[in-house]
Amino acid sequence: MPEDVPHVIQLAPSVLSADAGRLADAAAQVEAAGADLLHIDVMDGHFVPNITFGPPVVAALRRATALPLDVHLMVRDPEYLVDACIDAGADVVTVHWEAVTHLERLLAHIRLRERLAGIAVNPATPISLLAEVWDECDWLLVMSVNPGFGGQPFWPRAIHKVQTAHERRGGLARPRIAVDGGVDDSTAPQLAAAGADVLIAGSYVFDGQQPAVRLANLRRAVTPALPPP
Ligand code: DX5
Ligand code: ZN
């Protein structure tokens, strides 16, 4: 990216931390507050020790908001769910490197369906393991917690991992680098400086003050100060 082009960061609130009985309201609220995407965590109770949403909830959120839907599949062998999530309205479909046997084929399938194909990596998975599928990846999700729950402490080595991924892509815009877990107004600037493009935040957005206030804090934290006139 040329030096003089500002690095625009996208903010993706994760509805995992929203009131599960009022997800549509949460989606409308963050859309009105200027979110760029809506992050939806699908968990199967096998790949991670928690169970959350499936395609019907993705479809319900599709009806509730015009925001692009970023679906994060924390499920073992996610092949069986990808088409259902796309049919339900997912714009980005991310599967875990650790959960898929035939990753290249699955990424190609997601692209064939004209959605962004994402790979998520757990903290223990190095970026180097993605070498053979790097060109097939539109969206790289760097996990900065071990997945499964909101509200966990940020894993600081994720910053180095984002830097590694950013260097690996050189000046190219793809893959987009997203970070998920422990994002708040103190970790966000470090991640932005390391090269992240998309910051996903659950508990920081939904567990405290008004989501609009938290999103504004995040936006401020990743927006370089304008030079004096
Ligand atoms: C965790 C999920 C995250 C979660 C992040 O496994 O993938 O999307 O919502 O929550 P916070 O921002 O609270 O760490
Ligand atoms: Zn997630």
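Numbering starts at 1 and runs along the sequence shown. In listed order, ligands and their atoms are each counted from 1. Side chains included, hydrogens not; waters and symmetry mates left out as well; all remaining heavy atoms used.
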Legend entry - Short N-O contact, Arg113 and Asp87, less than 4.0 angstrom: yes
Output, or 'none' if empty, a list of ligand 1-protein atom pairs in which both atoms are N or O and the distance is under 3.5 Å, rounded to 0.1 Å.
from, atom 1, to, atom 2, distance (Å)
ligand 1, 6 (O), Gly148, N, 2.7
ligand 1, 7 (O), Asp41, OD1, 3.0
ligand 1, 7 (O), His72, ND1, 3.3
ligand 1, 7 (O), Asp180, OD2, 2.8
ligand 1, 8 (O), His39, NE2, 3.3
ligand 1, 8 (O), Asp41, OD1, 3.1
ligand 1, 8 (O), Asp41, OD2, 2.8
ligand 1, 8 (O), Asp180, OD1, 2.7
ligand 1, 8 (O), Asp180, OD2, 3.0
ligand 1, 9 (O), Ser14, OG, 2.7
ligand 1, 9 (O), Asp41, OD2, 3.2
ligand 1, 12 (O), Gly202, N, 2.8
ligand 1, 13 (O), Gly151, N, 2.7
ligand 1, 13 (O), Ser203, N, 2.9
ligand 1, 13 (O), Ser203, OG, 2.5
ligand 1, 14 (O), Gly182, N, 2.8

Inset, instruction - Please check if the side chain of Arg219 supplies one atom and the backbone of Gly34 the other of a donor-acceptor pair under 3.5 Å. - result: yes
Would you give me the side-chain donor-acceptor pairs under 3.5 Å for residues 103-110, sequence neighbours excluded?
from, atom 1, to, atom 2, distance (Å)
His109, NE2, Asp83, OD1, 2.9
His109, NE2, Asp83, OD2, 3.1

Inset, instruction - Among Asp180, Val183, Asp36, Asp184, find the residue that satisfies the side chain to side chain contact (heavy atoms under 4.5 Å, CB included) test when tested with Leu199. - result: Val183
Legend entry - Residues forming a ring-ring contact (aromatic ring centres under 6.0 Å, His included) with Phe47, sequence neighbours excluded: His96
Legend entry - Distance-minimising heavy-atom pair for Pro156 and Phe154: CD-O, 3.3 Å
Legend entry - Exercise: do His39 and Asp41 side chains pair donor with acceptor under 3.5 Å: yes
Inset, instruction - Flag the pair Asp70 and Arg176 as a salt bridge only when some basic side-chain nitrogen lies within less than 4.0 angstrom of an acidic carboxylate oxygen. - result: no
Inset, instruction - Could you please tell me which protein N, O or S atoms lie under 2.8 Å from the Zn ion (ligand 2)? - result: His39 NE2, Asp41 OD1, His72 ND1, Asp180 OD2
Legend entry - Salt-bridge present (Asp197, Arg174; N to O < 4.0 Å): no
